[in-house]
Every structure is written in structure tokens, then in C-alpha cells.
Amino acid sequence: MANSGNDGQQRLKPFEWLSGGLFFGRNQKDGIESVDSCKDPAVLLTGIHDNFQSLLKTKEAPSIADGDGAADTAETSATTAVEAEGTAAAAVAAAAAATTASAESTDPSKEETDEKPTDGAFLEARLARLQFLLYDERRTTSQQDSRWKNANIATATMQNLIAATCDVEVASESSSPSPSSTTTEQQQLIPTLLNNLSILQFESRKHVAFIINYLLVCGLDGSDAELYIPIMRDFVQYVEQHFDNILSSLMHGYTSSTADVALHCGSIYRSCLKHVILYRHLVTSPERLGQYVYPFLDTLVHVPNFDISSDAMETLRHILTAGCADTTGSSSMGGSGGGGNSSGSTNPAVAAMMEETARELAALSAECLNTNYEQIWEQRFNPKLMSDKANYMTKRIALQILSTVLLTRSNYAVMIQYVNSRSNLIWIMKLLRDTSPHITMDAFHVFKVFVANPTKIPEVTKILKDNKEKLCKYLETLHHDREQSDTQFRDEKALIIATIRGLYRDGDAVRCLNTPDD
């Protein structure tokens, strides 16, 4: 009868099967179910720290067997005993031991212990709850217009996240230090989370990326963006203080064998590039260029995993074309599955701030590309991204990046230096004859800049003049089917052909082509 009483206590309460224990589950006060009712970011972040610290302590520990492990061990021991003794008595005794262990593993009195949530489950629940609170705070409906007049959740999250990482030691003595971080830096929660994304559960990694991305861009989008600008700026200052540690963790994530880790690190990296102060730290230091930019050109865009290499190319596009319209438009709130009010920034003050940011980013990008011209273009971009060894995706995106750079007004010095190069013209003319129609179209948009340059050097002019007939004949048939639907392409192609044919005949006068900046 006593056992019957225990069975009654362990039996599910009414409708618990429907709610999954969320409302009626056992241990609701201190269990994982209580996380879904928490509305205090400080409490959630404290729990996140504690759960993550426990994961760090046990990340190299051997995995724990599941609930049937005891029975499996007993059965293995039973088999061994049978083989060793070879008697019927030993077999009976071993079978009895296996039955007893199996019964113990399913004993209702141990069900509570077996079902206790792990630190990983608690961490995922708290991260998900914090993400929901941040998302929910910015939802606006006709009945909830007053909710976005304050940013209490985002403010508390930012303040407690930064404060919690200042004095709390996260990395345990048993955890191996990151090769690119000092012991002091490892005491910070955000860099350590980023550097150990691979040990988190799949959903936990998504939540971490969302929260960090959200705090980096929450003041760039939405009708209530102006309210979140101070929060975003404070968090950006924190990232600036720990710039090298955070960027090192993001670059470490790109080398992870888990694709989603690299994608999350890439989204956070690109969110950092939206801020002038962080972009300046990146592109004005030769050491940081070598650590955080050149690896994209050297290795990351060439990794076999298509998802990782594509994401690396997208990050490289943002680095080289910062300030251009296609990289500084409306931010996707959160980057990795963002949310919030994405109706667009209609506030004039926010719009003016973003325009000023775009101009400053473009100026910094132009200075970097011009100052480090040889290291970027001659040593890496041309031979590694546009050669025959590069794959289709790499060559096509590289041509798009190059076209954007050359046709951006702030990059005039870079454009003149690039198109006044005999070797660069040869690179583009080879791609102009590629078998892929998409690559030939992208190559044409670069080739037209060489032809339209009013100050061509003699070496470039000689190549164009010597190949005049072949070039004109080829260009006349290039994407002939597009001329009816794309009048701008038709007009530009006609102008390029006329310019090549008129070399040395009209003083090389060249009219300016329309560019995306016009």
C-alpha cells in the first residue's frame, strides 16, 4: 500500500500532459517552469551566469549515461559472469541482478532525480525568456501603444549584463584559457559566451546571438529607435572596451566545425561594423587588419563548408563596402532571428544620425582601402578571389564587391589606382570571357570603369587598342537578349563599344557613366 501511495504522488496531475508541466509541473517554485514567469532581467542574467559557469566546469567531463545505464551495466556484468563461470547458477544469478537493476532504474522514487533539468536546459530557458522579454517590449499594437514609451527591459539587460561581467569570475580554474584572451578578459561573460558557443545547446546559441545583436542595433531601426539609442551606445562602449577579446572570440567561432556557430559569430561581427567607433578600431590598425580582416581573404572564404564560406564573403562585403547603401540599410533587429518593431525608422533625428554614420563609415573604408591597397588588392583580393582557383560563388561576389567599391564616390582614389593597372585589366578581361553569364555580367560592370576612365595610363590604353576589334565584336553579342528589357545596360554597352573604337581618334574623350551613387 505504501508503494501505491508513492505511485499516486508521482502520477501526473490533471492536464499536465497537455501543458508539459509548464503550469502544473512539479518543482514549479524552483524548477525550470518558474523561468517562464520571471520578468526581471537581473535575475535571469544571474541564473545565466551560474548555469554557464557550471557548464564550463563540466565541459571536459565524461558524458553521463542515460537512465538505462545502470541496467545496461548490470546486463553486461551478467554476460561476463556467465562466460566466466559457465554454469546455470551463474546465469540465473546474473539474470536476477539485471532484473533488479532494471527495476531500480524505473523506480518511481528515482523519477524525480532522473528528470531533473540540466544546467544546459536551465541556461536555454533563461536565454529564451530574456529574448522574449526584449522582443515583447517593442511590440506595438493599437491597444499597447504606451508599452514602447519606455525601454525598461533593454535598459536593465544592458546595465546588468555589463555590471555582472565586471566583478564576477566566469571561467573556472579547470577550464582551459583561450589562447587569444588573458585571464582578466576571461572573467567577462559576453566574450566567454562567444568563445564557448560550441558547448551550448543549439537553441542557446541562437538566443545568445540574438541578445548581443539586439543590443548592438536596437537604436538603428523602428519608429521607437530614438528611445533605444542611449542603450545601444552604452553597449557599444562596452564592446569597444573589450574589442580585441570579443573580435578574437568571433574569429575563433568562424573556425568552428559547427556551421551555426560560425553563422552566429558572423552576424555579430557585421552588427559591430554598423558603428563608426568599432569600425575605426578595426580598419585603422594594421595589427587588427591582420588578425580580423585578412583571414577572410586568405582562408575563411575558401573553406569547404558552403554556409560558412558564404557568410564569410558577406562579412567581407560589409568590411570593404562600409557606408554604401546596400550595407547600411534597414537593420534586421537582432540579426539572428530578430524581432521587435521593424516598421522602419521614421524619426528625422534617427535618420540624420544614420546618414552621418554612413558618411563616416564610407570615409574610413576609403582611407583603409587606399592606405592598404597593396595588401588588400594586389596580394589577396585579385589572386585569391578572382583567379581560376576560386569557385563560382567566390568570383561572383568578389566582382560585385569590386564594382561597388569602384563606383562609390568616396573611393575615387582607390578607383583611379585600380583601373590604372595593366594586370588588373587582364584579370577582368579574363573574367569577361567566363562561361557563366552571371560572372560575365558582373565583370562587365567592372570593365566599363576601365574604359570610362578619362586618365588611362598608356599600358591600359595599349591593351584596349590592340584588342579593339575582338573586344568590340565580343561586346556586341554580350547578353544581347537583355538589351530589350534593360535599357541602361544597352546604353552603357553601346557607349563602351564606341569609346573603344574611338581610341586615339577623339583625344580619348570619355563620357561619365551612370553609377549607383547618382
Side-chain angles (χ1 to χ4, degrees), residues 306 309-311 313-314 316-318 320-321 323-330 332 342 344 358 362 381-382 385-386 388 390-412 414-415 418-419 424-454 456 460 463-464 467-503 506 508-518:
F306 179 79
S309 61
S310 299
D311 190 86
M313 284 297 296
E314 184 62 20
L316 181 64
R317 182 203 299 270
H318 279 68
L320 300 182
T321 63
C324 298
D326 58 336
T327 59
T328 59
S330 178
S332 58
S342 58
F381 195 94
N382 285 351
L385 272 61
M386 298 197 300
D388 294 336
N391 59 38
Y392 164 81
M393 183 274 297
T394 301
K395 287 190 288 188
R396 186 176 181 190
I397 299 181
L399 283 168
Q400 294 173 358
I401 293 174
L402 179 59
S403 177
T404 302
V405 169
L406 297 182
L407 296 176
T408 300
R409 295 182 187 277
S410 58
N411 292 326
Y412 180 80
V414 178
M415 183 269 290
Y418 191 91
V419 299
N424 291 343
L425 177 58
I426 294 175
W427 281 112
I428 302 304
M429 290 177 65
K430 287 181 179 179
L431 292 172
L432 200 59
R433 299 296 301 268
D434 195 89
T435 57
S436 168
H438 297 290
I439 291 181
T440 57
M441 174 59 71
D442 293 327
F444 171 78
H445 290 303
V446 178
F447 177 74
K448 69 184 182 183
V449 183
F450 282 86
V451 179
N453 177 25
K456 290 186 284 290
V460 170
I463 292 178
L464 295 176
N467 296 273
K468 178 169 56 176
E469 297 301 327
K470 294 181 180 179
L471 279 172
C472 292
K473 184 177 180 180
Y474 174 76
L475 290 174
E476 286 175 349
T477 60
L478 180 66
H479 295 285
H480 185 72
D481 55 328
R482 292 194 54 172
E483 294 184 5
Q484 296 297 328
S485 58
D486 191 345
T487 57
Q488 180 177 347
F489 169 71
R490 181 190 62 197
D491 295 340
E492 288 183 350
K493 191 172 76 167
L495 177 59
I496 294 302
I497 294 174
T499 303
I500 295 176
R501 285 176 174 167
L503 290 177
D506 55 0
D508 251 348
V510 181
R511 289 181 290 163
C512 295
L513 294 173
N514 292 329
T515 69
D517 289 1
D518 291 334

Exercise. Are any non-hydrogen side-chain atoms of L432 and V446 less than 4.5 angstrom apart?
Worked result: no

Problem set entry | Heavy-atom closest contact (H479 atom, F489 atom, distance) | O-CE2, 3.6 Å

Problem set entry | Approximate separation, where rounding is to 0.5 Å, of R501 CZ and L471 CG | 11.0 Å

For this session: Could you list all the salt bridge (Lys or Arg N to Asp or Glu O under 4.0 Å) pairs where at least one residue sits in residues 391-400, not counting sequence neighbours?
Result: K395-D434, R396-D442

Problem set entry | Test side chain to side chain contact (heavy atoms under 4.5 Å, CB included) applied to K473 and T477, step by step | CA-CA 7 Å; K473 184 177 180 180; T477 60; 6.0 Å; no

Exercise. Should I401 and F381 count as side-chain neighbours, where that means a heavy-atom distance under 4.5 Å?
Worked result: yes

For this session: Kindly give the heavy-atom pair with the smallest separation between L495 and T499, and that separation in Å.
Result: O-OG1, 2.7 Å

For this session: Scan L425, N424, N453 and name whichever one has a side chain to side chain contact (heavy atoms under 4.5 Å, CB included) with V460.
Result: L425

Problem set entry | salt bridge (Lys or Arg N to Asp or Glu O under 4.0 Å): pairs with one or both residues in residues 481-490, sequence neighbours excluded | R482-D486, E483-K493

Problem set entry | Check ion pair R317-E314 (N to O, under 4.0 angstrom) | yes

Problem set entry | Over 12 foreign heavy atoms within 6.0 Å of CZ, F306 | no

For this session: Considering non-hydrogen atoms only, spot the tightest contact between M386 and N382 and give its length.
Result: CE-OD1, 2.9 Å

Exercise. Can you find a pair of side-chain heavy atoms, one from H445 and one from L407, that are under 4.5 Å apart?
Worked result: no

Exercise. Distance-only, no hydrogens or angles: does the T404 side chain make a donor-acceptor pair with backbone N or O of Q400 under 3.5 Å?
Worked result: yes

For this session: To the nearest 0.5 angstrom, please state how far the CD1 atom of I463 sits from the NZ atom of K468.
Result: 15.0 Å

For this session: Identify which one of L464, L478, V419, T440 satisfies the side chain to side chain contact (heavy atoms under 4.5 Å, CB included) criterion when paired with F447.
Result: L464

Exercise. Looking only at side chains, do N467 and Y474 share a donor and an acceptor under 3.5 Å apart?
Worked result: no

For this session: Over all heavy atoms of both residues, which pair between A398 and L385 is shortest? Give the atoms and the distance, please.
Result: CB-CB, 3.8 Å

Seminar exercise, completed: What one should report as the nearest heavy-atom pair of M313 and T394 is CE-O, 3.8 Å

Problem set entry | Least distance between heavy atoms, C472 atom then I500 atom | SG-CG2, 3.9 Å

Exercise. Are I428 and L399 close enough that some pair of their side-chain heavy atoms sits under 4.5 Å apart?
Worked result: yes

